[in-house]
Structure formats: structure tokens, C-alpha cells
Amino acid sequence: MMKQFVILILFAVSAFSQALSSEVFCTLDREVAGLMDAWVSLTEGRSSESEGLFTAGTAVLRAEAAYEVATLSGVEILPAEVTASWTRYLKSSADCIYHFRDAMGSSDTAGEEEVLFAAFARWETQGEEFLESVQSTR
């Protein structure tokens with residue numbers, strides 16, 4: 001019974017996974033960038049606190065959904081260099097989501113902000129490296 005369940009899960013995941021595309025990358029990139037936009041809006045007081053928290057909550061849900069789609073994208077046909085770069089980009093995206101959530105729940109926003117900004121700097125670098133790896137294989 002367990003073996004059939006595992007096979008069913010693998011079939012479902014493979015049925016829903018599609019090859020990595022520019023749309024998947026752009027969506028993840030946009031939604032992770034939206035986390036920083038939400039953070040800046042919240043910390044600079046551009047909106048009321050409740051509105052800022054709602055925006056931040058929505059941004060993290062959108063980023064997590066985009067991340068899930070990105071992790072299910074197939075990379076089997078990509079060159080090894082691009083696959084490795086994509087994996088690093090996914091990890092840095094996950095770090096941004098994690099640190100954003102951590103910063104939202106922290107009372108020490110100054111300390112958490114520093115960690116969050118460092119995560120976003122790594123994410124930005126990894127995104128550039130991923131795009132360079134794709135361009136180098138064309």
C-alpha cells in the first residue's frame with residue numbers, strides 16, 4: 001500500500017512539474033522582490049500598520065507560491081552549469097522568504113533588517129549569476 005502511495009505522489013508531482021521557463025524565473029524574481037518592497041513600505045510608514053502587515057502577509061504568500069512552482073520546475077534538460085546556478089538562486093530565494101518571515105515576527109527589527117538586507121544582496125547576486133549562466137549557454 002505504501003509503495004503505491006509513493007508512486008502516486010511521484011506521478012502527481014511529475015504531472016504538475018513543467019520545464020523551467022523564463023515565466024517561472026520572472027514570477028519568482030518579481031515576488032521575492034515584492035518582499036523587499038513590502039518591507040520598505042512597512043518600515044518607512046508609507047501605509048498604516050494594519051495595511052502594511054496585510055501587504056507584507058500577502059507578499060510572503062505570493063513569494064512562497066512562486067517558490068513552490070519554481071522548485072517543481074524540471075531542470076533535466078538544462079546544462080549542469082545552469083542547473084547549479086538555478087539551485088543556488090532557489091536557495092537564496094528561500095533564504096529571503098525565511099528571513100522576511102523572521103523579521104516580521106521579531107521585536108528587534110534593526111538586527112533582523114541587517115540580516116534581511118544581506119539575504120537580499122545574496123539573492124540579487126545569485127539572480128545575476130543565473131542569468132549569466134543562461135546567456136553563456138546560448
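Computation of the quantities below employed the complete heavy-atom set of this structure, encompassing side-chain atoms and omitting hydrogens, waters and symmetry-equivalent molecules.
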ILVMFWY cluster, Leu131 and Phe120 together (side-chain gap under 4.5 Å): yes
Enclosure of Arg62 CZ (heavy-atom neighbours >12, cutoff 6.0 Å): no
Ala66 versus Thr27, closest heavy-atom pair with distance: CB-CG2, 4.0 Å
For the student: nearest non-hydrogen atoms of Leu53 and Leu42, plus distance: N-CD1, 3.8 Å
Partners passing side-chain contact (heavy atoms from CB on, under 4.5 Å) against Ser136 (at least two apart in sequence or in another chain): Glu81
Test item: Val69 and Leu72 side chains (from C-beta on) under 4.5 Å apart, heavy atoms: no
Atom CD of Glu114 with >12 non-hydrogen neighbours under 6.0 angstrom: no
Gap between atom CD of Glu64 and atom OG of Ser93 - 0.5 Å precision: 12.5 Å
Exceeds 12 heavy-atom contacts within 6.0 angstrom, atom CD of Glu112: yes
Phe54-Leu61 co-clustered via ILVMFWY side chain contacts under 4.5 Å: no
Cluster check Val134, Ile77: I/L/V/M/F/W/Y, side chain < 4.5 angstrom: no
Asp102 side chain reached by Val115 side chain, heavy atoms, under 4.5 Å: no
Gap separating the NE2 atom of His99 from the CD1 atom of Ile97, nearest 0.5 angstrom: 11.5 Å
From CH2 (Trp123) to CG (Leu90), nearest 0.5 Å: 12.5 Å
Interatomic distance, Glu124 atom CD to Ser92 atom OG [nearest 0.5 angstrom]: 10.5 Å
Hydrophobic cluster identity match, Met36 and Tyr98, side-chain contacts under 4.5 Å: no
Whether over 12 other heavy atoms sit under 6.0 Å from Glu44 CD: yes
Partner set under side-chain contact (heavy atoms from CB on, under 4.5 Å) for Ser21, not counting sequence neighbours: Glu23, Val24
Closest non-hydrogen atom pair, Leu28 against Trp86: CD2-CH2, 4.4 Å
Euclidean distance, Arg88 CZ relative to Thr125 OG1, rounded to 0.5 Å: 11.5 Å
From CA spacing to verdict: side-chain contact (heavy atoms from CB on, under 4.5 Å), Val75, Leu78: CA-CA 5 Å; Val75 294; Leu78 297 176; 3.7 Å; yes
By ring pair (Phe, Tyr, Trp, His ring centres under 6.0 Å) - contacts of Phe25 (at least two apart): Tyr89, Phe130
Closest non-hydrogen atom pair, Gly34 against Ala59: O-CB, 4.0 Å
Expected output: side-chain Ser41 to main-chain Asp37 donor-acceptor under 3.5 Å: no
Validation row: Tyr67, Glu31 side chains within 4.5 angstrom (heavy atoms): no
Side chain to side chain donor-acceptor pair (under 3.5 Å) against Glu113, all qualifying residues, sequence neighbours excluded: Trp39
Sequence-distant partners of Glu76, side-chain contact (heavy atoms from CB on, under 4.5 Å), two or more places apart: none
Between CD on residue Glu129 and OG on residue Ser85, distance to nearest 0.5 Å: 6.0 Å
Within 6.0 angstrom of Arg122 CZ, more than 12 heavy atoms from elsewhere: yes
Contacts of Arg30 that satisfy side chain to side chain donor-acceptor pair (under 3.5 Å) - sequence neighbours left out: none
Heavy-atom closest contact (Leu116 atom, Cys96 atom, distance): CD1-O, 4.1 Å
